[in-house]
Amino acid sequence: MRVTEVEAYAGERDPASHAFRGRTPRNAVMFGPPGHLYVYFTYGMHHCGNVVCGPEGMASGALLRSGEVVDGLEVARRRRGERVRDRDLARGPGRLGQALGLTLADSGADLLGAGPARLVLGAYPVGAVATGPRVGVSRAADVPWRFWIRDDQYVSSYQRSPRAERRSAEK
DNA sequence: AGGATGATGAAG
DNA sequence: TTCATCATCCTA
């Protein structure tokens with residue numbers, strides 16, 4: 001999977017973060033060491049993946065918002081549905097999670113170790129990464145913490161939720 | 001434009 | 001033990 005879009009979440013100082021109200025059983029891995037996977041389940045049907053980035057004890061996470069399936073295409077198609085276009089296999093956080101087959105059981109996995117899921121670094125030219133407001137979040141959405149590869153077709157194009165609009169409108 | 005669908009956390 | 005909320009996607 002080539003990741004094309006992420007969204008950053010700070011810990012207890014970020015109202016949009018799951019860790020905003022302190023440590024709970026669900027968000028515990030966000031407080032753990034970096035390079036680990038934090039999976040959450042939402043809207044009754046979607047598993048979304050995050051990479052813990054900050055030092056241990058300081059909650060943080062980067063939501064994997066979109067990606068291009070470059071390996072295991074067959075598996076991804078099976079999980080997402082055979083009629084889904086390749087471009088849509090992992091374009092969007094929920095879709096990405098489904099393409100990878102993420103479940104709550106995967107939360108806490110070490111992405112830098114020898115496990116089945118690993119995170120490797122890539123490189124892009126200077127200026128290839130664009131920045132903007134976060135999507136789908138109802139609080140503090142104006143913080144420009146969404147990062148994506150400019151002009152990449154494997155980037156989600158969902159609109160900000162009506163909630164987010166209201167929140168950012170009212171001063 | 002709205003429905004699906006369930007874990008989570010706060011309140012009672 | 002309820003209840004509202006939700007870092008979404010799909011069908012219409």
Side-chain angles (χ1 to χ4, degrees), chain A residues 1 3-32 34-54 58-69 76-109 111 117 119 129-149 153-170:
Chain A
M1 172 87 67
V3 177
T4 57
E5 177 185 353
V6 296
E7 220 164 63
Y9 288 87
E12 296 162 278
R13 302 185 47 147
D14 180 2
S17 171
H18 286 167
F20 181 52
R21 291 170 204 280
R23 186 180 188 133
T24 68
R26 173 171 74 150
N27 62 30
V29 314
M30 288 187 82
F31 289 82
H36 284 238
L37 183 67
Y38 165 53
V39 178
Y40 68 89
F41 184 68
T42 192
Y43 293 104
M45 53 181 78
H46 297 296
H47 292 275
C48 301
N50 305 249
V51 178
V52 179
C53 299
M58 185 179 163
S60 67
L63 171 66
L64 304 172
R65 279 201 61 85
S66 279
E68 175 189 6
V69 177
R77 284 207 193 98
R78 181 167 309 179
R79 296 204 263 237
R80 288 278 298 131
E82 298 293 339
R83 59 194 312 168
V84 173
R85 297 199 310 268
D86 282 2
R87 180 169 176 242
D88 294 328
L89 283 178
R91 193 172 54 123
R95 294 164 170 182
L96 186 148
Q98 191 183 4
L100 288 178
L102 296 183
T103 69
L104 290 180
D106 298 313
S107 200
L111 298 176
L119 182 68
V129 178
T131 308
R134 295 186 285 190
V135 180
V137 81
S138 58
R139 275 130 57 188
D142 3 350
V143 187
W145 283 355
R146 172 175 175 241
F147 304 89
W148 67 94
I149 306 303
Q153 62 171 340
Y154 292 88
V155 164
S156 78
S157 60
Y158 289 101
Q159 310 231 324
R160 300 173 65 187
S161 70
R163 271 201 142 84
E165 293 298 347
R166 275 199 292 102
R167 282 291 191 157
S168 101
E170 56 184 58

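Chain A is the first sequence line, chain B the second, and so forth, proteins listed ahead of strands; every chain is numbered from 1.
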Checklist entry - What's the CG-P distance between A:Asn50 and C:dC6, to the nearest Å? => result 17 Å
Next on the checklist: Can you confirm whether A:Arg87 is buried at CZ, in the sense that more than 12 heavy atoms of other residues, nucleotides or ligands lie under 6.0 Å from that atom?
Outcome noted: yes
Item to check | C:dA7 pyrimidine/purine six-ring stacking with A:Tyr9, under 5.5 Å and 30° | outcome: yes
Item to check | Interatomic distance where NE2 belongs to A:His46 and P belongs to C:dC10 [whole Å] | outcome: 7 Å
Item to check | Protein-nucleotide distance (A:Phe41, atom CZ; B:dG6, atom P), rounded to Å | outcome: 7 Å
Item to check | Distance between P atoms of B:dA1 and C:dA7 (Å, rounded) | outcome: 23 Å
Checklist entry - Of A:Arg80, A:Arg77, A:Arg91, which meets side chain to side chain donor-acceptor pair (under 3.5 Å) against A:Asp86? => result A:Arg77
Next on the checklist: Output the rounded distance in Å from CG (A:Asn27) to P (C:dT5).
Outcome noted: 20 Å
Checklist entry - Whole-Å distance between C:dA7 C1' and A:His47 NE2? => result 15 Å
Checklist entry - Does A:Thr42 or A:Pro25 map to a spot on DNA chain B nearer the 5' end, using the closest nucleotide for each? => result A:Thr42
Checklist entry - Choosing from C:dC10, C:dA7, B:dA10, which nucleotide comes nearest the side chain of A:Arg95? => result C:dC10
Checklist entry - Just wondering, do A:Asn50 and A:Tyr40 contact through their side chains at under 4.5 Å, heavy atoms? => result yes
